[in-house]
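One is the number of the first residue; the rest follow in order along the sequence.
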Amino acid sequence: MKLRFLGTGTSNGVPVIGCDCEVCRSADPRDRRMRSAVMVESDESRVLVDCGPDIRSQLLQVPFRKIDAVMLTHEHYDHAGGLDDLRPYCRFGDIDIYANSTTVKAVRHNFPYCFAEHLYPGVPKLNLHTIRKHRPMQVGDIPVMPIGVMHDSLPILGYRFGRLAYITDMKTIDEEEYDYLEGLDILVVNALRWETPHHSHLIIPEAIDFARRVGARQTYFTHLTHKIGLHEEAGRRLPEGFRFAYDGLELDF
């Protein structure tokens, strides 16, 4: 399977509007970060994880073919605000969206015209499916295991695909969840910035501690602010086995 980082930025993205720091002025494409999302693909199947407001631009960078499932981590705008832009994919059939009960309720509320009794011509046809953590799924030939984490006080989902796990917007995790993260080759996890703890996100030292507890062979950090510094320089500060992801990076697993 392959994972492609469609976006590795936070809700503000990078560059941040109105910011004149060296990261936001950088000419290195690795310092330009759209809102966080990934595509997981096999030869037969395709899973999109999160669908934020940059999704149109992100999907223009990948071959146009069916998306078999959209897995949402949670309902915040930077992770689910772009669902309407999936309408071109309806030529392959209705789009199946999987999320926890809170997120399903929010999607219905935020996109009411997609679930009306009489649909306006051209709206995306979305099938919502409520899922729970620890209940394995299969999307074509891609195995999916939802994992529960906490985004401040909001329960959200991470996802394990075989020997890779993708977790974003996490602040804490219950002890029982570590059992579902054993034996990973690759862990992807959010790491907001170097300093100043955040109420709902891991910062880099916290993310390093979490990743070491999980024990994956390689860890990639995502959901990054401009405060991590220039990609080329910031990566040198990380311990062995840790890297900053960037938009367009592809991982085979």
Side-chain angles (χ1 to χ4, degrees), residues 1-17 19 21-41 47-62 70-74 76-82 85 149 151 156-159 161 164-171 184 186-194 198 200-208 210-211 216 218-238 241-253:
M1 292 186 286
K2 177 176 70 176
L3 179 144
R4 178 184 174 94
F5 289 94
L6 300 177
T8 55
T10 59
S11 57
N12 283 325
V14 183
V16 177
I17 293 174
C19 182
C21 75
E22 64 175 354
V23 176
C24 290
R25 291 184 288 107
S26 172
D28 187 339
R30 295 173 297 178
D31 289 320
R32 303 185 69 85
R33 302 182 183 278
M34 290 189 276
R35 269 63 76 92
S36 292
V38 296
M39 185 80 79
V40 176
E41 297 180 277
V47 174
L48 174 65
V49 182
D50 283 342
C51 185
D54 295 322
I55 199 64
R56 179 182 179 277
S57 296
Q58 292 166 327
L59 291 176
L60 285 171
Q61 308 304 313
V62 299
V70 179
M71 316 296 300
L72 296 179
T73 59
H74 61 297
H76 288 168
Y77 180 76
D78 56 320
H79 293 266
D85 283 333
V149 301
H151 182 35
I156 68 173
L157 294 177
Y159 295 101
F161 305 94
L164 179 148
Y166 179 82
I167 298 171
T168 188
D169 286 47
M170 183 182 87
K171 179 60 178 181
L184 291 179
I186 299 173
L187 171 67
V188 180
V189 67
N190 56 295
L192 200 66
R193 56 196 180 214
W194 291 99
H198 191 274
S200 62
H201 290 273
L202 296 174
I203 62 172
I204 292 169
E206 294 170 333
I208 290 173
F210 166 70
Q218 183 73 52
T219 296
Y220 290 85
F221 291 144
T222 190
H223 208 273
L224 308 165
T225 73
H226 58 163
K227 293 183 179 180
I228 68 159
L230 296 169
H231 179 89
E232 184 67 29
E233 298 174 3
R236 301 191 194 111
R237 297 177 60 182
L238 292 175
F242 294 83
R243 297 179 183 175
F244 290 115
Y246 56 87
D247 294 19
L249 174 65
E250 295 185 351
L251 306 177
D252 294 317
F253 66 99

Hey, can you pull the donor-acceptor pairs under 3.5 Å for the side chains in residues 8-16, sequence neighbours left out?
{"residue": "T8", "atom": "OG1", "partner": "R33", "partner atom": "NH1", "Å": "2.8"}
{"residue": "T8", "atom": "OG1", "partner": "D247", "partner atom": "OD1", "Å": "2.7"}

Next on the checklist: Under the criterion side-chain contact (heavy atoms from CB on, under 4.5 Å), I'd like the reasoning laid out for D169 against T73: C-alpha separation, chi angles, the key distance, then a yes or no.
Outcome noted: CA-CA 9 Å; D169 286 47; T73 59; 5.8 Å; no
Going by heavy atoms in the side chains, are [X] and [Y] under 4.5 Å from each other?
| X | Y | value |
| --- | --- | --- |
| R4 | L249 | no |
| V189 | T222 | no |
| V188 | F5 | yes |
| H74 | H151 | yes |
| W194 | I203 | no |
| V70 | D50 | no |
| L230 | E22 | yes |
| R32 | Y246 | no |

Taking every non-hydrogen atom, the tightest pair across [X] and [Y]:
| X | Y | answer |
| --- | --- | --- |
| Q58 | L6 | NE2-O, 3.3 Å |
| L202 | E206 | CA-OE1, 3.4 Å |
| N190 | A207 | O-CB, 3.7 Å |
| T219 | A211 | OG1-CB, 3.5 Å |
| Y220 | A245 | CB-CB, 4.4 Å |
| S36 | Y166 | CB-OH, 4.0 Å |

For [X], check side-chain hydrogen bond (donor to acceptor under 3.5 Å, both in side chains) against everything at least two apart and list the hits.
| X | answer |
| --- | --- |
| T225 | none |
| E232 | R30 |
| E41 | R46, R65 |
| R193 | none |

Checklist entry - Does A80 have any side chain to side chain contact (heavy atoms under 4.5 Å, CB included) partners at least two apart in sequence or in another chain, and if so, which? => result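 A80 satisfies side chain to side chain contact (heavy atoms under 4.5 Å, CB included) with L72 once adjacent residues are dropped.
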Checklist entry - For F253, what residues pass the side chain to side chain contact (heavy atoms under 4.5 Å, CB included) criterion, not counting sequence neighbours? => result M1, L3, V40, F161, L164, I186
Checklist entry - Where do F244 and L238 land on the side-chain contact (heavy atoms from CB on, under 4.5 Å) test, with the steps shown first? => result CA-CA 9 Å; F244 290 115; L238 292 175; 3.5 Å; yes
Checklist entry - Salt-bridged, R35 to D78, with N to O below 4.0 Å? => result no
Checklist entry - When you look at CZ of R243, are more than 12 heavy atoms from neighbouring residues, nucleotides or ligands closer to it than 6.0 Å? => result no
Checklist entry - Do other residues, nucleotides or ligands put more than 12 heavy atoms under 6.0 Å from L60 CG? => result yes
Sequence neighbours left out, what passes salt bridge (charged side-chain N to carboxylate O under 4.0 Å, His left out) with [X]? Give chain and number order.
| X | value |
| --- | --- |
| D85 | none |
| R237 | none |
| E233 | none |
| K227 | none |

Item to check | Under 3.5 Å: donor-acceptor pair, side chain of K171, backbone of H198 | outcome: yes
Checklist entry - Could you go step by step and tell me if R25 and D31 meet the side-chain contact (heavy atoms from CB on, under 4.5 Å) rule? => result CA-CA 9 Å; R25 291 184 288 107; D31 289 320; over 6 Å; no
Item to check | With H223 via ring pair (Phe, Tyr, Trp, His ring centres under 6.0 Å) - residues at least two apart | outcome: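 Checked H223 against ring pair (Phe, Tyr, Trp, His ring centres under 6.0 Å); matches are H79, H201.
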